[in-house]
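Structure, as structure tokens:
Each chain gets a letter, A, B and so on, in the order the sequences are listed, and its residues count up from 1.
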Amino acid sequence: MNDIYDKLMAVAKRRGFLYPSYEIYGGEAGFYDYGPLGSLLKNNIENVWRKFYISQEGFYEISTPVITPYEVLKASGHVDEFIDEIGTCIKCNASFKVEELKDEKCPICGGRVKKGKLNLMFETFIGAKKNKHAFLRPETAQGIFVNFPMLYEFFRRKIPFGVVQIGKGFRNEVSPRQGIIRLREFSMAEAEIFFSEEKKKHHRFMEIKEEEMRLLLNEEEMKMKLGEAVETGIIGNEALAYYMALTKNFLLTVGIDENKLRFRKHKEDELAHYANECWDAELYSERFGWIECVGIADRSAYDLQAHMKASGAEMRVFEKYEEPRIEKRKVIRLKMDKIGPIFKDKAKIVKEKLENMEIVNEEKITVEIDGKVYEIGKELYEIEEIEEKVTGRRYIPHVIEPSYGIDRIFYFILEHNYKETKKEGEKYVILSLPACIAPIKAGVFPLVNKDGLPEIAREIEKGLRKKGIMVVYDDSGSIGRRYARMDEIGTPFCITVDYQTKEDDTITIRFRDTTEQIRLQRQKLADWLKERIEF
RNA sequence: GCGGGCGUGAUCUAGCUGGUUAGGAUAUGAGCCUUCCAAGCUCAAUGCCCGGGUUCGAAUCCCGGCGCCCGCACCA
């Protein structure tokens, strides 16, 4: 095969974007290195992401360990749920999910089936004695959840708030075949936004409700405005819709082709153990088809609840009512001096059960202990109605989580912007990256290698570097060759010093996508560039 | 993880019916030339995926591993 993927990966390797990891030792499937240009590009993508989520949304970034103790992931459900149980037929080699099997026999040929379990997390051990079981995190989210009590304080106990993390996640994939699309160690950018449970309204929903989205629902594709999708319940709440719009905006900003983007709703049976609704931003690849690159999930109160239960930490927030409410409540007053002698050693359990019970029928109260039902005689208790001043309520916040696969987005940016044209019969490659993420912002060239032009070009290079603009100087080969080199790595602008520069202090700027040129005063160059590489 | 195909400089490839200084092209570096889109000339550096076996001798044949591709399965 020699499709866009092969061509792209060849350029990516040759030009220092991506290298297969540990290649001199034969390589290791599921791992890729980012080369010099790849690292620049990836950092730029992450920084645009930061601008969206930190500068604009006002969230904060934290950074937590990759190594995660067993009990954290036990509590979160990953130890039990992040498992594949596979049966493989000894005879015909077909594989099945274990749930699909009846009576341990292969549904195809009737042969015997060998069972295997597979937890997709990488295991490790902490400490010199290596006796503390741990995992490499499968998602960065848990690092945020376990810090919730501190973060809630940091945000001065105001909800909603958002916390983000960009970092590595690990999954020991069974068969990582699709290059950088399916990695065992990968970068993700995740945001966890905490909402009061039932509301999940979003204060900027107004701004995005007219946004038209391409949605995929049960294999059926439709175009719909976000406002309508929320009204009809296709999208469960405003917050989900808002982050779908934000995701779309982000992806288009970093160079994703709008025609190759859609949002697909997870079906019930494919939802992760922690999610009750999830929308994937899927990007289209000529090689791989539609691939999920961002997951926007409603994780409800699942994670905080799980950690509260397992650790005992308070994960609830307090919401003060505008006015304290007087609530009337019926409580049961037990006459322990009578209950004690009757129930003896079970008296304590009876007390606990009764005190926590909701009183439905005042006349007949029963309690169940070890499967036996006991009726509690009227002489053993009194029902009293009390008034209580309630100043607020406690609840576990719900979480909306947009989670981005940076490596996949990286790949799709390359694929969507890879353009092959012909120049004088020869194949010519342009990577049309948006200026905000291009690894090199400009090439600086002397038109010819004499008459003082290189010296001027060097000065310009130095000046731009000093202003923090990533540029490269190049004086080798013909000017056309130098343009071509820059086009291939996505450099949006080329600055050329020619003889006119010596006369009037102007330079030419050549545009990558159009090859058009303009002249500009040398002094204005840095600002001109800065304006264009911001987004 | 299973089955099939493949593995030669950074890239594409010749050689693969055992014996060659392993050839070419592109890209890269140095130099010459060059007044705006991969021109040309000279020179240079880089390779038989790894390990074992057969053989006097292995890029070439055999076995194992690793990687890549295709199918099955898996994929919050």
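For the P atoms, the distance linking B/C48 with B/G9 amounts to 8 Å, nearest Å. Nucleotides B/G1 and B/A58 are separated by 32 Å at their P atoms, to the nearest Å. B/U13 and B/G29 have their C1' atoms separated by 23 Å, given to the nearest Å. Between the P atoms of B/G24 and B/U34, the separation comes to 30 Å (whole Å). Comparing the P positions of B/U55 and B/C62 gives a spacing of 16 Å, expressed to the nearest Å.
As judged by a 4.0 angstrom heavy-atom cut-off over every strand, A/A272 is placed among residues touching the sugar-phosphate backbone only. At a threshold of 4.0 angstrom between heavy atoms, the contacts of A/E28 are confined to the sugar-phosphate backbone, with no base atom among them. Nucleic acid contact for A/A10: none, since no nucleic acid atom lies under 4.0 Å from a heavy atom of the residue. Within the nucleic acid shown, A/L271 comes within 4.0 Å of sugar-phosphate atoms alone, with no base atom in reach, counting heavy atoms only. If you check every strand for non-hydrogen atoms under 4.0 Å, A/E139 touches nothing. As judged by a 4.0 angstrom heavy-atom cut-off over every strand, A/P138 is placed among the base-contacting residues. Looking at heavy-atom distances under 4.0 Å, A/F186 makes contact with a base.
With a 6.0 Å cutoff to the six-membered ring centre and a 45° limit on the axis angle, A/R184 does not count as a cation-pi contact of A/F122. Annotation: cation-pi geometry not satisfied between A/R264 and A/W290 (NZ/CZ under 6.0 angstrom from ring centroid, within 45° of ring axis).
Comparing B/G29, B/C36, B/C70 by their closest approach to the side chain of A/S476 singles out B/G29. Residue A/R14 places its side chain closer to B/A27 than to any other of B/C37, B/A38, B/A27. Candidate nucleotides B/U11, B/C37, B/C69 were compared by shortest atom distance to the side chain of A/R287, and B/C69 ranks first. Nearest nucleotide to the A/I479 side chain, out of B/A38, B/U28, B/C36: B/C36. Distance from the side chain of A/Y483 is smallest for B/C37 among the nucleotides B/G71, B/C37, B/A27.
Distance, A/N119 CG to B/G1 C1': 16 Å, rounded to whole Å. Rounded to whole angstrom, the span from the CD1 atom of A/I180 across to the P atom of B/C75 amounts to 23 Å. For the pair A/F288 CZ and B/C70 P, the computed distance is 8 Å after rounding to whole Å.
Judged by distance alone, with hydrogens and angles left aside, A/Q517 brings a side-chain donor or acceptor within reach of the base of B/C36, the pair sitting under 3.5 Å. The base of B/C37 is paired with the side chain of A/R510 by a donor and an acceptor separated by under 3.5 Å.
A/N119 places a side-chain N or O within 3.5 Å of a backbone atom of A/M121 that can act as its donor or acceptor partner. Using a distance-only test at 3.5 Å, with no hydrogens or angles considered, a donor-acceptor pair links the side chain of A/E238 to the main chain of A/H202.
Residues A/Y53 and A/Y404 bring their aromatic ring centres within 6.0 Å.
Classified by interplanar angle (parallel below 30°, tilted 30° to 60°, perpendicular above 60°), the ring pair A/H133/A/Y70 is parallel.
The closest side-chain heavy-atom distance from A/P397 to A/L304 is below 4.5 Å.
Residue pairs meeting the ring-ring contact (aromatic ring centres under 6.0 Å, His included) criterion with at least one member in residues 438-464 of chain A, sequence neighbours excluded: A/F445-A/Y483.
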Using nucleotides 39-45 of chain B, report all nitrogen or oxygen pairs with the protein that are shorter than 3.5 Å.
from  : atom 1 : to     : atom 2 : distance (Å)
B/A39 : OP1    : A/R481 : NH2    : 2.7
B/A39 : OP2    : A/S478 : OG     : 2.7

Where do N or O atoms of nucleotides 50-52 of chain B meet protein N or O atoms at under 3.5 Å, pair by pair?
none

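Within residues 440-452 of chain A, the residues having any heavy atom closer than 4.0 Å to RNA chain B are, in order of number, A/L447, A/V448, A/N449, A/K450. RNA chain B lies under 4.0 Å from no heavy atom of any residue of residues 400-408 of chain A.
The side chain of A/R177 places no N or O atom within less than 4.0 Å of a non-bridging phosphate oxygen (OP1 or OP2) of B/C75.
Shown here are the side chain to side chain donor-acceptor pair (under 3.5 Å) partners of A/Y274, two or more places apart in sequence or in another chain: there are none.
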